[in-house]
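Beneath this line is the structure, given in structure tokens, with notes to follow.
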Protein chains: 2
Amino acid sequence: MNSQLAFNALGDPTRRAIFEKLQHRPMAVIDIADGLPISRPAVSQHLKILKEAKLITLKTVGNNNIYELNRDGIIAMRNYLDQFWDDALTNFKALAEQTEKEKK
Amino acid sequence: MNSQLAFNALGDPTRRAIFEKLQHRPMAVIDIADGLPISRPAVSQHLKILKEAKLITLKTVGNNNIYELNRDGIIAMRNYLDQFWDDALTNFKALAEQTEKEKK
DNA sequence: TCTATTAGTAAGTAATAACTTACGGTAAGT
DNA sequence: ACTTACCGTAAGTTATTACTTACTAATAGA
């Protein structure tokens, strides 16, 4: 429904990079940070935002926090875009018919 | 394919507001700006970003620049998310099989 | 032709967001 | 118990980006 947070979250290139890393497999924070040009705490901050946007989830195993993709958030965004375009089409069609009438 | 610009563009709440305004009907800049809490030039700047992201197009009619949604950009984002999740599933399945093998 | 309307760009400022370092807390291993 | 490894949060700084005002250009209409 409210995919506002998700769009905000994926608006940042670094968060998209993290998101795409998790596409390969669930990962601990330290592994996510590895290779990225920013510090581990910065990664943690990004993860928090992605989590709040319901794009990822977290499970704790020992003292590793394993993050993985969350289907719900991804599907929500997809649905938003689908619905968005559907509604737009409906509106445009109604608009076309109305201006057609006004010609007469 | 490259929906990077699109995700950046829709990362901003104001641009999403503009985007959703255009869902109702194509609109001139002045109409888009009307009701928004920012100046018209600011709106122009946002429109430029949305246009470069291929989320909207523009046609000039006399003095008016009429902006409207661009299906291509919207579909591109949708496809990205679809493909993204598909690939994730494939990866996770392969991963599960591999760790299954390693148990033996 | 003169004026009003529409809109994009430039330059500088204000607001926001991303980052770093420092710290504390918990779990695992010796 | 002590040390090491992993991680999140806080506070402050830096960098980005969103915004305003001022300007210019083009079309429409009187």
Residues B/Asp82 and B/Arg78 bridged, charged N to O under 4.0 Å: yes
Counting side-chain heavy atoms from C-beta on, which of C/dT20, D/dC7, D/dC19 comes nearest to A/Ala42? C/dT20
Result for 5'-nearest mapping on DNA chain D, choosing between A/Lys48 and A/Asn63, is A/Asn63
Examine C/dT6: is either OP1 or OP2 under 4.0 Å from a nitrogen or oxygen in the side chain of B/Asn65? Give yes or no. no
So that I know where these two stand, are A/Phe84 and B/Phe19 an aromatic pair - ring centroids less than 6.0 Å apart? yes
Would you tell me if any nitrogen or oxygen in the side chain of A/Arg15 comes within less than 4.0 Å of OP1 or OP2 on C/dA18? yes
Taking C/dA7, D/dC7, C/dT20 as options, the one with an atom nearest any side-chain atom of A/Ser39 is C/dT20
Kindly say if A/His46 contacts the phosphate of C/dA17, meaning a side-chain N or O under 4.0 Å from OP1 or OP2. no
If you compare every side-chain N and O of B/Thr14 against the phosphate oxygens of D/dC19 (OP1, OP2), does one of them come in below 4.0 Å? yes
Proximity to the side chain of A/Ile38 - top-ranked nucleotide from C/dT20, C/dG8, D/dT21: C/dT20
Is B/Tyr67 close enough to C/dG8 that one of its side-chain N or O atoms is under 4.0 Å from OP1 or OP2 there? yes
Side chains of B/Asn70 and B/Thr57, donor plus acceptor under 3.5 Å: no
Count the heavy atoms belonging to other residues, nucleotides or ligands that lie under 6.0 Å from NZ of B/Lys48, then report whether that count exceeds 12. no
Closest nucleotide among C/dA7, D/dA18, D/dC7 to the A/Val29 side chain: D/dC7
Spacing between A/Leu50 atom CG and D/dG8 atom P, to the nearest angstrom: 12 Å
